[in-house]
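First up is the structure itself, then whatever we jot down about it.
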Amino acid sequence: MRFVFSADDVPPPSGFDLGHMEVEGNLGVYSSRAQVPDQAMMIYVSVSLLLDGLRSLVEAGRGGYTFGGVDSSFSLKFSLTKDGTLTTRAPGTPVDRSDVRTVVAAVWAAAREFAAARLPGLPPDDAGRQDLEMSLAAFAPLASAGG
């Protein structure tokens, strides 16, 4: 399982910049790129939303979570069973079925990589930056516990 988050380079940078999300799993690939209509999303806020939603789902131990990109029609549906299997689906497209720890690790790695590359370019008081920093801090214990 692999996630990639990217932001469009539009000066000056802002935590509300648009960007894209790509998800590659053992059943398929889904991307916000090259979609009609355009599915670019407010990427910093969307990554925060994804981290927070997945954290809540994993902490609940089972159930579902539908992620919707902020200001976008891009969506992913996550379903967690009590045996720890997490299924990821895009609209009409299965993307992945893995152990929840695999998905947690993939989201965590992509979010950390995105944050390391992009957050230094944002002002410390940028609301999008602050949201992502808080979501990363809240997700960290889950990631270190292995999901």
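Position 1 is the first residue of the sequence; numbering continues from there. All values below were derived from every heavy atom in this structure, side-chain atoms included, with hydrogens, water molecules and symmetry-related copies excluded.
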Item to check | Stepwise side-chain contact (heavy atoms from CB on, under 4.5 Å) check, L51 with V107 | outcome: CA-CA 8 Å; L51 290 169; V107 170; 3.6 Å; yes

Next on the checklist: For a side-chain contact (heavy atoms from CB on, under 4.5 Å) check, start with the C-alpha distance between K77 and T88, then their side-chain angles and the critical distance, and finish with the verdict.
Outcome noted: CA-CA 6 Å; K77 181 174 178 145; T88 306; over 6 Å; no

Next on the checklist: Is it true that, when you exclude Q35 itself, more than 12 heavy atoms of the residues, nucleotides or ligands shown sit nearer than 6.0 Å to its CD?
Outcome noted: yes

Checklist entry - Can you list every ring-ring contact (aromatic ring centres under 6.0 Å, His included) pair that touches residues 39-60, not counting sequence neighbours? => result Y44-F114

Checklist entry - Closest heavy-atom contact between V70 and S46? => result N-OG, 2.9 Å

Next on the checklist: Can you give me the closest heavy-atom contact between L57 and F78, atom names plus distance?
Outcome noted: CD2-CB, 3.8 Å

Compile the donor-acceptor pairs under 3.5 Å between side chains in residues 1-16 and protein atoms, sequence neighbours left out, one pair per line.
residue: R2; atom: NH1; partner: E24; partner atom: OE1; Å: 3.2
residue: S6; atom: OG; partner: R33; partner atom: NH2; Å: 2.8
residue: D9; atom: OD1; partner: R118; partner atom: NH1; Å: 2.9
residue: D9; atom: OD1; partner: R118; partner atom: NH2; Å: 3.1
residue: S14; atom: OG; partner: F16; partner atom: N; Å: 3.0

Report the distance from atom [atom1] of [X] to atom [atom2] of [Y], rounding to the nearest 0.5 Å.
X   : Y   : atom1 : atom2 : result
S72 : D38 : OG    : CG    : 7.5 Å
L86 : S98 : CG    : OG    : 8.0 Å
L27 : D96 : CG    : CG    : 6.0 Å
S31 : M21 : OG    : CE    : 10.0 Å

Checklist entry - Within a strict 4.5 Å, meaning less than it, do heavy atoms of the R97 and T85 side chains meet? => result yes

Checklist entry - Do the non-hydrogen side-chain atoms of L18 and M42 ever get within less than 4.5 Å of each other? => result yes

Checklist entry - Of all residues at least two apart in sequence or in a different chain, which pass the salt bridge (charged side-chain N to carboxylate O under 4.0 Å, His left out) check with D99? => result R101

Checklist entry - Please walk me through it: do L76 and V23 pass side-chain contact (heavy atoms from CB on, under 4.5 Å)? => result CA-CA 9 Å; L76 293 168; V23 185; 3.7 Å; yes

Which atom pairs, donor and acceptor, lie under 3.5 Å between side-chain atoms of residues 130-141 and protein residues at least two apart or in another chain?
residue: Q130; atom: NE2; partner: P124; partner atom: O; Å: 3.3
residue: E133; atom: OE2; partner: R129; partner atom: NE; Å: 2.9
residue: E133; atom: OE2; partner: R129; partner atom: NH2; Å: 3.4
residue: S135; atom: OG; partner: D52; partner atom: OD1; Å: 3.0
residue: S135; atom: OG; partner: D52; partner atom: OD2; Å: 3.1
residue: S135; atom: OG; partner: D131; partner atom: O; Å: 3.1

Name each donor-acceptor pair under 3.5 Å that joins a side chain in residues 58-65 to protein atoms two or more places apart or in another chain, with its distance.
residue: Y65; atom: OH; partner: L49; partner atom: O; Å: 3.0

Checklist outcome for this item: In L142, D83, L80, the residue satisfying side-chain contact (heavy atoms from CB on, under 4.5 Å) with V100 is L80

Next on the checklist: Among residues at least two apart in sequence or on other chains, which ones pass side chain to side chain contact (heavy atoms under 4.5 Å, CB included) with S32?
Outcome noted: H20, Q39, M41, F74

